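What you are looking at is a predicted structure, and each value in this text was computed from that prediction instead of being measured. Note on naming: letters A, B, ... go to the chains in the order of the sequence lines (proteins, then strands), and numbering restarts at 1 for each one.
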There are 2 protein chains.
Amino acid sequence: MAGVSEATVSRVLNNVGPIKEETKQRVREAAERLGYYPSAIAQNFARRRSGNLGVVLPYVPKVHIFSTYYFSEILNGIGEQVRELGYDMLLIFRKPGLDNGYIDLFRSQKVDACILLGTTDTPEERKALKELKDEGYPFCLVNQHFDDEQFPEVDADHEQGAYHAVKHLLEEGHRRIAFLNGPPQYSNSTDRLKGYIRAMTEAGIFKRKNDFTETIPPAWLGTGNYSRTSGYEAASRFFQNRDCIDAVFAANDRMAIGLMQGFRDLGLVPGVDIAIAGYDDSDGARITDPPLTSVSVPFYQMGKAAAKWVLLRASGSTTDAEETGAADPLYQIQMETNLVIRSSSMSNQTSLE
Amino acid sequence: MAGVSEATVSRVLNNVGPIKEETKQRVREAAERLGYYPSAIAQNFARRRSGNLGVVLPYVPKVHIFSTYYFSEILNGIGEQVRELGYDMLLIFRKPGLDNGYIDLFRSQKVDACILLGTTDTPEERKALKELKDEGYPFCLVNQHFDDEQFPEVDADHEQGAYHAVKHLLEEGHRRIAFLNGPPQYSNSTDRLKGYIRAMTEAGIFKRKNDFTETIPPAWLGTGNYSRTSGYEAASRFFQNRDCIDAVFAANDRMAIGLMQGFRDLGLVPGVDIAIAGYDDSDGARITDPPLTSVSVPFYQMGKAAAKWVLLRASGSTTDAEETGAADPLYQIQMETNLVIRSSSMSNQTSLE
DNA sequence: GAATTTTATGTACGCGCGTACATTATCACT
DNA sequence: AGTGATAATGTACGCGCGTACATAAAATTC
């Protein structure tokens, strides 16, 4: 040692234990002069943690998922929190086939905690998640909810979001409102459907039968896959019933944009001949013509919250399932959404002014 | 050991050295039964490498940069390559202040290699990069070029891209073509300016004076910051000279979209009263009205290529500057761009059909 | 000023692998 | 059978830190 001590250096650099101010100085100077940089790998090894927060992204062939506003925002939020807490962010693109669950990430110690994006409600997924939970690993889902399964998750209140959007359409005077939803394995989709039904039922358009079969005209329900193309294609299906549809509420902006393009190509002017509302309040909503009414979701905050919780949990409680016996409080956040009204949803009178 | 051996296990799991087939089996079985998972941290430590490819993203306050098509695509490309080579991808959001260069990433061994996105041509940046280069660390820039500095970089031929776009506008019959560029610290911007000038000069609109001052009407040149808003604002400036402008070529789609919105708000219909062309061929180009003519850039491939090179370099040659004396061949790729013609750039006759 | 506590530093070890080297088993060939 | 080569496995050590424990120095107490 250039100074005098030996592993006091460790103490100095980690600010642990009492150390004379003068010694600190000496050590720091020496480190400086020697161009010493602690090896993160060795540190992690000695600390028996990786310092990484894993972020798992779904594998969607052909689609470059990043392009989705949705993921981008969440990632930014996670990134911010990760930085604040001194972790690093490991991006993991889920593999197509050899996906023996997320659990290997933890077993191999690649990550101390993990955030899962774009999970779907399928048997395999449930199994993989239950495994994670049973082992007591700190993980968190974002923007997906599993009923009757107690997973940590940060979601938004999409039922309410959809409800407000549809209610707004109703208030604009539209009555015959169709709904273009996404695939049902996303809780997003089913939540939005609930909101749609609630709004329509409250308005007296759907009758409350028993409690599941509502009187929804089949022509009013469509399913896409959240892509613009699927929205475009849905337009022609709705078009066949154009006489009994005033408005369409789409479960995300990309489909809404596709819808608008489709309708326009079929001769219906969005915002005039037919009202449209979307969901996500993505950048695209601002550049369509007319601008798209949409529901904004605090994706950024959701990502940040998930990262915060999961990282605190990783550093706090032990990872072993055994010791977590004290049933850690379930973390299930539901954030508020916010309707952003633009002209695509205006009633005809208004839009013609 | 459940089987019989000891550190033969290591050999089995790493496929190194000759081992009897039977032993392999035994070891594997034992590992299975014991639920053994090698610790990635210990492995990395012993191998003295992190297994991480660092991807540095610029810090842009307020702007959630991920939302940019540009970064998204590049990241996807990197992600793909990283997976193929068995590395992990460490996302690093560049900090605002305490940015003592990229070099700490390597010194602390957090990454084995590094890709830098969104760098700019500023003195500090140059200094930081030169440091990296002098130390012989494997890094690569994407979509940015430094003249008179020999950094490894994967760029696209933006001069050619701009040239083609402008030439196309000329071929559509537009003569008085303005150019809304981005900030000059991006080589992207200066390259596009060159392409613009070349096309205009070839068409005989600009006279070739000496060799830098061209006869460009000041009203034809604008500068934004690649945001939609800056495009929107630029529209009114161009509008003041609307009598001597037929078309505007914008240095990216977001500004082009802003321009279109701005012109429309001022009563000029894009694609009819004024032709527009953008750059990047982002998703947005498909959803504007009219659809935006744009230059597509193979961002995905660029990211992938950069990742490949940098990772091969990291595993191949040694990292020490000393031994790299054999002047590794400079890696500077320039990929081709591709003009995508849509209706925003059509001549009046055509668009009115 | 000796006994006791508090503060500051040194010592020693282990984290869990990879791997150079030593050792032993196997086999081919003379 | 013997020599040497090659294949297969075991032994031992170190990677660079954190940290429990031991120890030495300083501060406090009576």
Exercise. Under the side-chain contact (heavy atoms from CB on, under 4.5 Å) criterion, do B:K304 and B:E84 qualify, and how do the steps go?
Worked result: CA-CA 10 Å; B:K304 193 165 174 182; B:E84 279 178 25; 3.5 Å; yes
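Between B:V154 and B:Y331 the shortest side-chain heavy-atom distance falls below 4.5 Å. In this structure, A:I19 and A:V27 have side chains that are not in contact, with every pair of non-hydrogen atoms separated by 4.5 Å or more.
To the nearest angstrom, P of C:dT24 lies 16 Å from NZ of B:K20. For the pair B:Q25 CD and D:dA8 C1', the computed distance is 16 Å after rounding to whole Å. Going from atom CD1 of A:I19 over to atom C1' of C:dT6 covers 16 Å, rounded to whole Å.
Ring-plane geometry between A:F106 and A:Y137 is classed as parallel, the angle between the planes falling under 30 degrees on a 0 to 90 degree scale with a further cut at 60.
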For this session: Quick one, give me the B/S/- string for nucleotides 13-18 of chain D, reading 5' to 3', where B means a protein heavy atom under 4.0 Å from the base and S means that only happens at the primed atoms, P, OP1 or OP2.
Result: --BBBB
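Side-chain contact annotation: B:D112 with B:S50, donor-acceptor N/O pair under 3.5 Å present.
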